[in-house]
J.: 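Below you will find the structure I want to go over with you.
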Amino acid sequence: MSLTELPDVALIKIFRTLDHLELVRLYHSFDTSKRLQDLIQNCSYLWTNIHLKPTVDYHLFYYLCRLLMLNALTIRQLTIDELDLTCRKILYDNEFSLKRFFHLEQLIIHDEYICNTLQSLNFCSLTLKHLCLTNDHVNLNSINTLNQLDSLQLTFYSIDILSNRFERLMNLNLKIMFDYEHNSHEIFSRLPRRHLQSLTLKFLLLNNDYNFANEFNHYLFSCLHLHTLELSYLHGMCPVCLYTNIDYAKYQRILFINICELTEMKTFIELNRIDLPVEYLQLNSALSTNQYSSHVKNEFWSGRQLISLDYIQCVTTSIELLNDLNIIWSDKNQVTQSFESYILRSIYNAPYLISSIRNLSIIRFELSLSGLVTIMTSFPLVTNFIITDGRIDQMGSGMWNMENILRSLPNVSQSNIQTIVMNSIQMSCRTVVQLCLVTEQLLSLTINDVRILDKMVILEQNQRDSRSSFLVVLKDIAQHTDQFKWNQMKSLTIGKNMINHQNLLAFIPSHVNDTYSMNLNHLRIIIYDHRVLESHDRFRRSIRKLVKTYSKLTSLIIEFTKRYEGLFRLRNQLHALFELNINKKIHVYPTAHDYACRFCFDTNFSNEEDDESDETSSSQKNRTFCGIPICKSKTQRKSNSFP
């Protein structure tokens with residue numbers, strides 16, 4: 001049975017497992033089935049929960065925005081992440097307006113521009129239950145008409161905004177600056193309390209409000225159903241003692257950031273024999289008084305076992321709370337090997353802590369090759385790995401014989417990391433080889449100023465041996481071993497100092513067997529030095545070679561970090577080049593407000609101006625979705641369901 005023969009109920013269950021960009025891509029793949037296109041476009045079950053994310057697939061995003069506005073009345077939950085200039089322009093070009101979403105129950109906005117344009121929520125005041133605005137500057141006139149709210153997050157900027165008691169509110173997340181115009185009594189007296197269960201307060205004190213502690217304690221005491229408390233002081237350590245009058249027994253979850261010193265809290269807990277909640281996290285951003293304490297250990301406060309990370313001045317009873325904060329590990333003392341010894345001790349001595357980390361970011365560090373491999377293979381849940389300002393495997397610098405390197409490297413388990421970002425990194429050639437061999441699951445790679453540690457072999461004056469290029473080493477590895485395949489990689493960003501005159505053509509695989517990422521969809525090249533374009537013919541040849549090599553590209557972005565006078569000429573030249581050399585539909589997106597050439601091309605998109613062909617390619621006949629063959633009927637004609 002083909003996918004087109006399934007009943008609507010079965011199709012809807014399948015479609016609801018996809019995010020909406022993939023759903024739009026699928027919409028275009030059914031260009032001969034009006035039934036399936038109408039089902040995707042008009043089925044309300046598919047358009048109740050929308051999450052708009054930035055993407056470089058601008059053509060897909062364009063059609064997503066059209067479908068979004070067509071289904072505005074059916075959307076109940078809308079989340080908008082921070083969008084880039086092009087995505088935001090595409091959104092507004094499709095007549096986007098929040099006022100058209102009359103039945104919203106949940107609205108989450110992280111985009112600064114869209115958040116600033118929001119002045120009223122009267123259009124959904126009868127239905128809105130969850131409101132989250134993360135921007136520090138909000139232009140809302142009032143939210144007092146939102147009587148159905150049960151969850152609210154925003155930056156507190158006016159006392160008048162909370163004149164409504166919000167009796168239904170259960171979750172409150174506020175960022176507040178207490179100054180002379182906003183004193184503690186006026187603010188706490190207006191905050192909802194009747195059904196409040198969770199309170200997150202990020203605050204700063206800019207006045208001498210001696211009643212702050214009393215007002216705060218009185219407010220907590222009046223919130224009878226409160227079980228989650230998260231307090232964060234925004235600059236330095238909180239000058240007011242808040243922790244001594246809290247009734248810890250009534251809370252299930254407590255998070256303190258810069259509220260009090262660890263030693264003070266420990267003394268208070270032990271003297272009063274207080275039982276901490278099951279989920280408790282206390283973190284201070286200030287540096288440790290003991291600059292050499294950098295380890296994970298078990299501590300006991302009043303008989304309660306806690307995990308203590310002296311490196312970041314933190315104690316916790318809950319791994320989940322630690323993960324929520326996405327802790328950044330850093331060698332604060334910048335002492336050679338100190339970070340490696342710390343992290344390795346943590347891995348071996350506290351695996352119950354380390355094994356639960358999901359995002360790992362390391363800055364200012366030095367590692368051996370074995371240390372890097374240990375980190376990359378010892379965190380089973382880590383999928384995002386960011387390293388900045390580091391050196392890896394100085395002992396291996398100068399080793400260039402690829403065959404010897406491949407023979408000498410031990411067999412290690414595969415890493416689960418899917419996204420790698422490297423900024424200002426120096427590593428040996430054998431480190432690059434090992435990195436390639438343990439990351440078969442890699443989906444996205446971003447490289448900025450990544451260099452190979454070598455002896456700086458000089459061929460001519462002011463020229464470096466091409467072997468010292470990270471991208472050329474990748475090509476060299478693929479030529480020497482078929483074990484290096486990033487078959488799942490979809491996105492590659494080539495950033496600062498990664499391409500130059502010497503390696504402009506050298507890093508591109510010359511043969512299909514040397515191509516280590518055949519399924520690459522998105523390629524972004526960031527150019528810091530305009531001199532790389534001095535030889536326009538060479539640059540165009542390299543771009544032509546790229547798009548021919550990576551035949552599955554759907555988007556190519558060439559971005560400049562500063563104004564380039566020849567930008568539009570270059571864009572037009574590349575557009576003409578693509579039309580002559582690749583058999584794909586090409587879409588060029590405007591660059592009026594930034595310095596980038598953006599191209600989207602995909603053979604899967606239907607050309608609405610062309611007549612239908614009776615011939616169906618063998619690749620189209622064999623396409624499947626979720627294991628079900630997609631069979632196009634020759635009798636059906638292309639249809640465009642958009643009005």
J.: Do the side chain of Ser542 and the main chain of Phe539 share a donor and acceptor less than 3.5 angstrom apart?
T.: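 Indeed, once roles are kept as given, a pair shorter than 3.5 Å links the two residues.
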J.: Does Ile375 reach the side chain of Leu360, with side-chain heavy atoms less than 4.5 Å apart?
T.: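 When only atoms from C-beta onward are counted, Leu360 and Ile375 do touch, with a gap below 4.5 Å.
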J.: Identify whether the distance between the nearest side-chain nitrogen and carboxylate oxygen of Asp57 and Arg25 falls below 4.0 Å.
T.: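 Yes.
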J.: If every non-hydrogen atom of Met422 is compared with every non-hydrogen atom of Met427, which pair is closest and at what distance?
T.: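 So the minimum-distance heavy-atom pair works out to SD-CE, 3.6 Å.
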J.: Is the distance between the ring centroids of Tyr595 and Tyr564 less than 6.0 Å?
T.: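 Between Tyr564 and Tyr595, which both carry aromatic rings, the centre distance is not below 6.0 Å.
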J.: Mind listing the closest non-hydrogen atom pair of Pro54 and Leu83 along with its distance?
T.: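 Shortest heavy-atom separation between Pro54 and Leu83 comes out as N-CD2, 3.8 Å.
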J.: Charged N to carboxylate O under 4.0 angstrom, Arg88 versus Asp84?
T.: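 No, no charged N to carboxylate O under 4.0 Å.
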J.: Describe, in one word, how the ring planes of Tyr92 and Tyr113 are oriented to each other, choosing from parallel (under 30°), tilted (30 to 60°) and perpendicular (over 60°).
T.: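 Perpendicular.
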J.: Do side-chain atoms of Ser378 reach the backbone of Thr374 as a donor and acceptor pair under 3.5 angstrom?
T.: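 Answer holds: yes.
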J.: When the ring planes of His59 and Tyr63 are compared, do they come out parallel, tilted or perpendicular, using 30° and 60° as the limits?
T.: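 Rings of His59 and Tyr63: perpendicular, as their planes differ by over 60°.
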J.: Would the number of heavy atoms belonging to other residues, nucleotides or ligands and lying under 6.0 Å from CD of Gln414 be above 12?
T.: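 Above 12, so yes.
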J.: Taking all heavy atoms of Ile392 and all of Leu453, pick out the closest pair and write down the distance.
T.: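 Of all heavy-atom pairs spanning Ile392 and Leu453, the closest is O-CD1, 3.6 Å.
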J.: Report the residue from Phe61, Tyr58, Phe601 that forms a ring-ring contact (aromatic ring centres under 6.0 Å, His included) with Tyr589.
T.: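 Output: one option passes, namely Tyr58.
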J.: Please say which of Asp476, Val438, Ile477 ends up in a side-chain contact (heavy atoms from CB on, under 4.5 Å) with Val433.
T.: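 Single side-chain contact (heavy atoms from CB on, under 4.5 Å) partner of Val433 among Asp476, Val438, Ile477: Ile477.
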J.: Would you tell me whether Asn423 and Asp389 have side-chain atoms, one donor and one acceptor, within less than 3.5 Å of each other?
T.: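 No - no donor-acceptor pair under 3.5 Å links their side chains.
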J.: If only side-chain N and O atoms count, and only distance matters, is there a donor-acceptor pair under 3.5 Å linking Arg598 with Thr86?
T.: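 Side chains of Thr86 and Arg598: pair found under 3.5 Å.
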J.: Less than 6.0 angstrom separating the ring centers of Trp47 and Tyr45, yes or no?
T.: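 Not under 6.0 Å, so no.
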J.: On a heavy-atom basis, which atom in Phe560 and which in Leu570 lie closest, and how many Å separate them?
T.: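 Minimum heavy-atom contact is CZ-CD2, 3.7 Å.
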J.: Between CG of Asn521 and OG of Ser555, what distance do you get to the nearest 0.5 Å?
T.: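 The distance works out to 7.5 Å.
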J.: Measure the shortest side-chain to side-chain distance between Leu445 and Thr493 over non-hydrogen atoms and say whether it is less than 4.5 angstrom.
T.: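 They are not in contact (no side-chain heavy atoms under 4.5 Å apart), so the answer is no.
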J.: For a 4.5 angstrom cut-off between non-hydrogen side-chain atoms, does Val421 reach Ile387?
T.: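 Of all side-chain heavy-atom pairs linking Ile387 with Val421, none is under 4.5 Å.
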J.: Treating Asp393 as the side-chain partner and Leu367 as the backbone partner, does any N or O pair qualify as donor plus acceptor under 3.5 Å?
T.: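 Judged by distance alone, no pair lies under 3.5 Å.
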J.: Distance-only, no hydrogens or angles: does the Gln483 side chain make a donor-acceptor pair with backbone N or O of Leu437 under 3.5 Å?
T.: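 Answer holds: no.
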J.: Taking NZ, NE, NH1 and NH2 as the nitrogens, is one of them in Glu440 or Lys485 under 4.0 Å from a carboxylate oxygen of the other?
T.: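 So Glu440 does not pair with Lys485 through a salt bridge.
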J.: Centroid separation under 6.0 Å, is that true for the rings of Phe599 and Phe578?
T.: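 Yes.
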J.: Classify the angle between the aromatic ring planes of Phe484 and Trp486 as parallel (below 30°), tilted (30 to 60°) or perpendicular (above 60°).
T.: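 Correct class here is perpendicular.
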J.: Check whether His130 reaches the backbone of Gln77 with its side chain - one donor and one acceptor, N or O, closer than 3.5 Å.
T.: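 Not at all, since once roles are kept as given, no pair shorter than 3.5 Å links the two residues.
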J.: Could you tell me whether a side-chain N or O of Asp449 sits under 3.5 Å from a main-chain N or O of Ile425, the two making a donor and an acceptor?
T.: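 No; judged by distance alone, with no hydrogens or angles, the pair does not exist.
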J.: Can you tell which of Asn384, Thr419, Thr383 makes a side chain to side chain donor-acceptor pair (under 3.5 Å) with Asn359?
T.: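 The side chain to side chain donor-acceptor pair (under 3.5 Å) with Asn359 is passed solely by Asn384 among Asn384, Thr419, Thr383.
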J.: Gln37 side chain to Tyr27 main-chain N or O, any donor-acceptor pair under 3.5 Å?
T.: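 A pair under 3.5 Å: yes.
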J.: Could you check whether any side-chain N or O of Arg76 sits under 3.5 Å from a backbone N or O of Thr74, counting only pairs where one atom can act as donor and the other as acceptor?
T.: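 Such a contact is found between Arg76 side chain and Thr74 backbone.
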J.: Tell me the closest heavy-atom pair linking Ile114 and Thr117, and the distance in Å.
T.: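 Minimum heavy-atom separation between Ile114 and Thr117: O-OG1, 2.7 Å.
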J.: Going by distance alone, is a donor N or O of one side chain under 3.5 Å from an acceptor N or O of the other, for Asp81 and His51?
T.: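 Present: a donor and an acceptor within the cut-off.
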J.: Using 0.5 Å steps for rounding, measure from the CG atom of Leu39 to the CD atom of Gln41.
T.: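 Atom-to-atom, Leu39:CG and Gln41:CD are 10.5 Å apart.
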J.: Would you say Ser428's side chain and Thr431's backbone share a donor-acceptor pair under 3.5 angstrom?
T.: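 Yes; judged by distance alone, with no hydrogens or angles, the pair exists.
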J.: Do Glu366 and Gln394 have a side chain donor and acceptor closer than 3.5 Å?
T.: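 Per modelled atom types, Glu366 and Gln394 side chains form a pair under 3.5 Å.
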J.: If you take all heavy atoms of Ile12 and Leu46, which pair is closest and at what distance?
T.: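 Where Ile12 meets Leu46 most closely, the heavy atoms are O-CD2, 4.0 Å.
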J.: Are any side-chain N or O atoms of Ser415 and backbone N or O atoms of Met376, one a donor and one an acceptor, separated by less than 3.5 Å?
T.: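 Yes, Ser415 side chain to Met376 backbone: donor-acceptor pair under 3.5 Å.
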